[in-house]
There are 2 protein chains.
Amino acid sequence: MPRTIGSHSDITGPRVRAAALKLFAEHGFAAVSMRRIASEVGVQAGALYNYTPDKQTLLFELMQTHMEELLAALPQQSDASVMDRLEGFVRFHIAFHHERPDAVFIAYMELRNLDPANFSRIEALRRRYETALEDILGAGSDQGIFDVADTKITTLAVIAMLTGVTTWFRPGGRLSLRAVQDQYWDMVRRMVVRAPDGSV
Amino acid sequence: MPRTIGSHSDITGPRVRAAALKLFAEHGFAAVSMRRIASEVGVQAGALYNYTPDKQTLLFELMQTHMEELLAALPQQSDASVMDRLEGFVRFHIAFHHERPDAVFIAYMELRNLDPANFSRIEALRRRYETALEDILGAGSDQGIFDVADTKITTLAVIAMLTGVTTWFRPGGRLSLRAVQDQYWDMVRRMVVRAPDGSV
DNA sequence: GTCTATAGGAGGATAGAC
DNA sequence: GTCTATCCTCCTATAGAC
């Protein structure tokens with residue numbers, strides 16, 4: 001049952017966040033005004049402050065939501081082989097980031113616009129994600145299946161490589177998402193798997 | 001011989017660009033005011049307009065200078081083996097980007113703050129750089145030394161991976177620059193080199 | 001070449017009416 | 001919950017004195 005005319009808290013809130021996500025990704029946090037976000041939603045600027053105490057908090061909550069969804073969606077598969085776990089991570093990272101290009105872009109580009117307390121909280125979430133990959137690489141090294149000189153560096157290298165996909169991949173282009181996943185999995189596999197005896 | 005007191009065109013110009021580079025990298029183009037740049041240099045805001053027609057041009061020229069220096073410094077080595085050329089590219093990219101973290105950051109993060117004409121000019125320079133790597137990968141594939149399914153994708157993957165170093169590498173840390181170069185060269189080599197017969 | 005002063009506008013955020 | 005109106009600050013860029 002509708003409330004008073006002009007009252008839309010349950011739908012305006014999500015629309016504010018969606019508009020902010022889109023505009024921050026497109027133009028950058030600092031370049032987007034609250035008036036511009038309000039205009040995108042179809043309300044006046046003052047109305048936004050029913051949904052966020054300030055612009056900084058709006059940015060932080062977008063980033064926090066993204067990172068928490070990323071961690072929640074990360075496949076656990078702790079009883080699978082390290083090879084399958086690594087393949088699962090690679091395919092997951094590409095697919096998940098592909099579905100949320102705006103949030104990914106903001107999460108990487110707008111860290112410097114977070115105030116120090118918010119920055120620390122986002123960094124902690126990011127570290128948890130990196131650790132998931134580092135654990136796989138460490139386990140594979142312990143088992144002698146992977147040959148990784150430094151799990152920390154390889155973790156960062158793999159994540160940078162995979163995240164780079166979002167800067168150029170567009171559906172309907174030359175390659176399907178599946179084909180991109182296949183190629184990146186092949187590259188990552190070759191980067192970390194121990195070469196058979198006598199092949200080096 | 002000094003000119004009139006208060007006249008410093010030969011030193012203020014570089015200082016304006018240096019201050020803008022530092023502040024844009026730290027806070028982002030849109031978040032930095034001309035007053036802030038002037039304050040960093042030690043002049044009033046109006047004086048900046050002796051060195052740039054406007055803020056947009058200041059950003060563009062910083063990015064253009066960076067990209068042209070990058071292309072000029074790229075080792076040619078066209079008579080070396082593809083393996084040596086690839087190794088040279090990897091070590092060069094890491095070293096050059098390490099020396100200019102602020103310019104690198106701006107060149108990747110502030111593309112969206114360029115107006116369309118300036119964006120096209122920077123994009124063209126970036127494409128020339130990518131083509132240098134793609135040519136090496138293509139030549140190695142033709143010679144049967146590399147096994148690269150798609151030179152375009154591998155080019156983007158390698159560059160994203162290498163550029164990622166600038167986000168975490170700090171001199172005086174756990175690893176020397178040389179050690180980082182060694183590890184990334186090892187990862188790139190394994191990503192692209194054809195496996196010996198019988199090892200796959 | 002740099003200064004002060006200012007035009008002219010846009011920014012984040014709030015107050016109070018409805 | 002949204003509106004209008006507004007406070008006060010900051011912005012880019014320019015004009016004219018020195």
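Convention: sequence-line order gives letters A, B, ...; per-chain numbering from 1.
- A distance below 6.0 Å separates the ring centres of B:Phe89 and B:Tyr129.
- Rounded to whole Å, atom P of C:dG11 lies 12 Å from atom NE2 of A:His27.
- The OH atom of B:Tyr49 sits 18 Å away from the P atom of D:dG16 (whole-angstrom rounding).
- Across all strands, A:Val41 comes closer than 4.0 Å to no nucleic acid atom at all (heavy-atom distances).
- Whole-Å rounding puts the A:Lys55 NZ to C:dG12 P distance at 5 Å.
- A donor-acceptor contact shorter than 3.5 Å links the side chain of A:Arg15 to the backbone of A:Val41.
- When distances are taken from the side chain of B:Gln44 to each of C:dC3, C:dG1, D:dC3, the shortest belongs to C:dC3.
- Side-chain contact, A:Asn113 with A:Glu110: a donor N or O sits under 3.5 Å from an acceptor N or O.
- What separates CZ of A:Arg35 from C1' of D:dC3 is a distance of 14 Å, to the nearest Å.
- Here B:Ser33 does not reach the OP1 or OP2 of D:dC10: none of its side-chain N or O atoms lies under 4.0 Å away.
- Partner B:Arg178 forms a side chain to side chain contact (heavy atoms under 4.5 Å, CB included) with one of B:Leu175, B:Val180, B:Asp182 and no other, that one being B:Asp182.
- Relative to the side chain of B:Thr12, the nucleotides D:dC11, C:dT2, D:dG1 differ in distance, and C:dT2 lies closest.
- As a whole-Å value, the separation of A:Leu48 CG from D:dG1 P is 13 Å.
- Nearer the 5' end of DNA chain C, as judged by each residue's closest nucleotide, is the contact made by A:Arg36, out of A:Arg36 and A:Pro53.
- Nucleotide C:dT6 holds its P atom 21 Å from the CE atom of B:Met34, rounded to whole Å.
- Relative to the side chain of A:Tyr51, the nucleotides D:dT14, D:dT2, C:dG1 differ in distance, and D:dT2 lies closest.
- Picking from D:dG1, C:dG11, D:dA13 the nucleotide with the shortest atom distance to the side chain of B:Asp54 gives D:dA13.
- Looking at A:Asn118 and A:Gln56, their side chains do bring a donor and an acceptor atom within 3.5 Å of each other.
- Between the P atom of C:dA13 and the CD atom of A:Gln56 lies a distance of 9 Å, rounded to the nearest Å.
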